[in-house]
Undergrad: 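The structure that follows is given in the form of structure tokens.
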Amino acid sequence: MVMTGDLRATQREFQFDLATYLAERQAQVEAALDRSLPVIYPEKIYEAMRYSLMAGGKRLRPILCLATCELTGGTVEMAMPTACALEMIHTMSLIHDDLPAMDNDDYRRGKLTNHKVFGEDVAILAGDGLLAYAFEHVAIETKGVAAEQLLKVVAMLGRAVGAAGLVGGQVVDLECEGKSDVSLETLNFIHNHKTAALLEASVTSGAVLSGAPDDDVQRLLRYAQNIGLAFQIVDDILDITATQEELGKTAGKDLTAQKATYPSIWGLEESRQQADKLISNAKLELAPFGEKAIALVAIADFITSRTH
Ligand code: FPP
Ligand code: MG
């Protein structure tokens with residue numbers, strides 16, 4: 001039987017059990033995160049840091065980092081400290097994002113937000129503590145990686161977090177709040193920085209740790225750029241279509257805050273189509289890796305099919 005490329009891809013994914021793969025990887029990441037941050041004096045700050053770090057979540061960033069490290073010939077052990085650091089950075093960005101000075105949110109990952117439990121002062125410090133510790137953790141705990149590669153990864157993480165990444169995206173996002181005339185270009189800037197930058201660092205850091213050639217790193221970067229934007233489009237769609245229980249955070253917030261979103265510019269149907277197109281572009285980038293990239297192919301599909 002002659003099959004189109006797409007159909008062949010679907011058949012392969014059929015044999016790949018993504019749910020089991022994600023569950024196994026999640027368990028490995030949870031255990032590593034748990035070990036990474038014991039509670040010592042002053043207990044209050046460690047408890048606040050752990051409260052958000054261990055609150056669940058998909059652990060997508062660490063899983064992507066582990067997957068690309070393995071795909072390009074490295075090991076899970078090599079990449080685990082960076083994988084944990086990515087989750088620490090992601091968690092701290094959410095703690096700060098939920099603060100009254102930013103989005104003023106009460107729920108995250110199905111639990112009260114950090115400042116609701118520990119107070120604003122401690123929540124700010126818990127975010128700062130996690131951010132600093134992420135870099136310390138990568139530098140101290142990474143084993144079996146050449147110093148040159150490790151330095152590259154530290155620089156990549158710094159860039160993804162700072163004004164050239166998350167912070168820059170968040171600033172433009174805050175500036176745009178309440179504006180009805182936000183352009184598609186500005187919306188893309190926000191999400192390429194606020195969301196895609198850390199996903200890009202997650203994917204490319206795994207490859208850099210394994211010493212992958214630059215061509216492969218660039219290919220994986222393009223995969224990440226595509227899934228990063230698709231991830232945000234789906235997030236915007238879910239804010240409209242999913243319930244608070246499904247999301248683990250307040251639903252319908254974008255409308256209430258009059259935020260510009262992809263559905264507000266394109267409508268729901270066009271947004272879904274654009275997300276699908278980005279996901280198929282992402283998968284095209286993986287073609288040269290063949291069967292080895294099956295986990296990354298399935299993760300790309302999962303991004304558009306997820307319900308939370
Ligand atoms: C969630 O966006 C927020 C982010 C993806 C990151 C926000 C970035 C910061 C607060 C900067 C943090 C500081 C440093 C130093 C990294 P959202 O509000 O659109 O989504 P939500 O519905 O999940 O809150
Ligand atoms: Mg928010």
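Computed from heavy atoms alone, side chains included, the values below leave out hydrogens, waters and symmetry copies. Start at 1 and go down the list; that is how both ligands and their atoms are numbered. The residues of the chain are indexed from 1 along the displayed sequence.
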Undergrad: Does an N or O from Asp103, backbone or side chain, lie closer than 3.5 Å to an N or O of ligand 1?
TA: yes

Undergrad: Using heavy-atom distances, let me know which of Lys194, His90, His193, Gln170 sits nearest atom 11 (C) of ligand 1.
TA: Gln170

Undergrad: Parallel, tilted or perpendicular: which describes the rings of His193 and Phe189, with under 30° parallel and over 60° perpendicular?
TA: parallel

Undergrad: Would you check, one step at a time, whether the test side-chain contact (heavy atoms from CB on, under 4.5 Å) holds for Lys283 with Asp301?
TA: CA-CA 9 Å; Lys283 291 195 288 188; Asp301 280 328; 2.7 Å; yes

Undergrad: Counting only heavy atoms, tell me which of His96, Lys259, Met92, Met102 gets closest to atom 14 (C) of ligand 1.
TA: Met92

Undergrad: Heavy-atom pairs closer than 4.0 Å: do any link ligand 1 to the side chain of Leu131, the backbone, both, or neither?
TA: side chain

Undergrad: What I want to know is whether Asp173 and ligand 1 share at least one N or O pair that is separated by under 3.5 angstrom.
TA: no

Undergrad: Test your reading of the model: is there a side-chain donor-acceptor pair from Ser210 to the backbone of Thr72, 3.5 Å cut-off?
TA: yes

Undergrad: Gln273 vs Trp266, test: side-chain contact (heavy atoms from CB on, under 4.5 Å). Steps then yes/no.
TA: CA-CA 10 Å; Gln273 279 169 19; Trp266 287 328; over 6 Å; no

Undergrad: Can you say whether the rings of Phe118 and Tyr51 are parallel (under 30°), tilted (30 to 60°) or perpendicular (over 60°)?
TA: perpendicular

Undergrad: Test of understanding: given a 4.0 Å heavy-atom threshold, classify the contact between Arg109 and ligand 1 as side chain, backbone, both, or neither.
TA: neither

Undergrad: What pair of heavy atoms forms the shortest contact from Ala212 to Asp216, and how long is it?
TA: CB-CB, 4.4 Å

Undergrad: Would you check, one step at a time, whether the test side chain to side chain donor-acceptor pair (under 3.5 Å) holds for Asn281 with Glu285?
TA: CA-CA 7 Å; Asn281 289 345; Glu285 295 292 347; over 6 Å; no

Undergrad: Given the side-chain rings of Phe231 and His191, with only the six-membered ring counted for Trp, is the space between their centroids under 6.0 Å?
TA: no

Undergrad: Heavy atoms only: which of Ile190, Val167, Leu198 lies closest to atom 13 (C) of ligand 1?
TA: Val167

Undergrad: Only distances under 3.5 Å count here; give the side-chain donor-acceptor pairs of residues 73-88 to other protein atoms, sequence neighbours excluded, each with its distance to 0.1 Å.
TA:
{"unit_1": "Thr75", "atom_1": "OG1", "unit_2": "Met78", "atom_2": "N", "d": "3.2"}
{"unit_1": "Glu87", "atom_1": "OE2", "unit_2": "Arg59", "atom_2": "NH1", "d": "2.8"}
{"unit_1": "Glu87", "atom_1": "OE2", "unit_2": "Arg109", "atom_2": "NH2", "d": "3.0"}

Undergrad: So is Arg108 in contact with ligand 1, going by heavy-atom distances below 4.0 Å?
TA: yes

Undergrad: Determine whether Met54 and Val39 fall in the same hydrophobic cluster, where Ile, Leu, Val, Met, Phe, Trp and Tyr are linked whenever their side-chain heavy atoms lie under 4.5 Å apart.
TA: yes

Undergrad: Enumerate the protein N/O/S atoms at a distance below 2.8 Å from the Mg ion (ligand 2), ignoring waters.
TA: Asp97 OD2, Asp103 OD2

Undergrad: Which ligand 1 atoms, with their elements, are less than 4.0 angstrom from a heavy-atom of Val161?
TA: 15 (C), 16 (C)

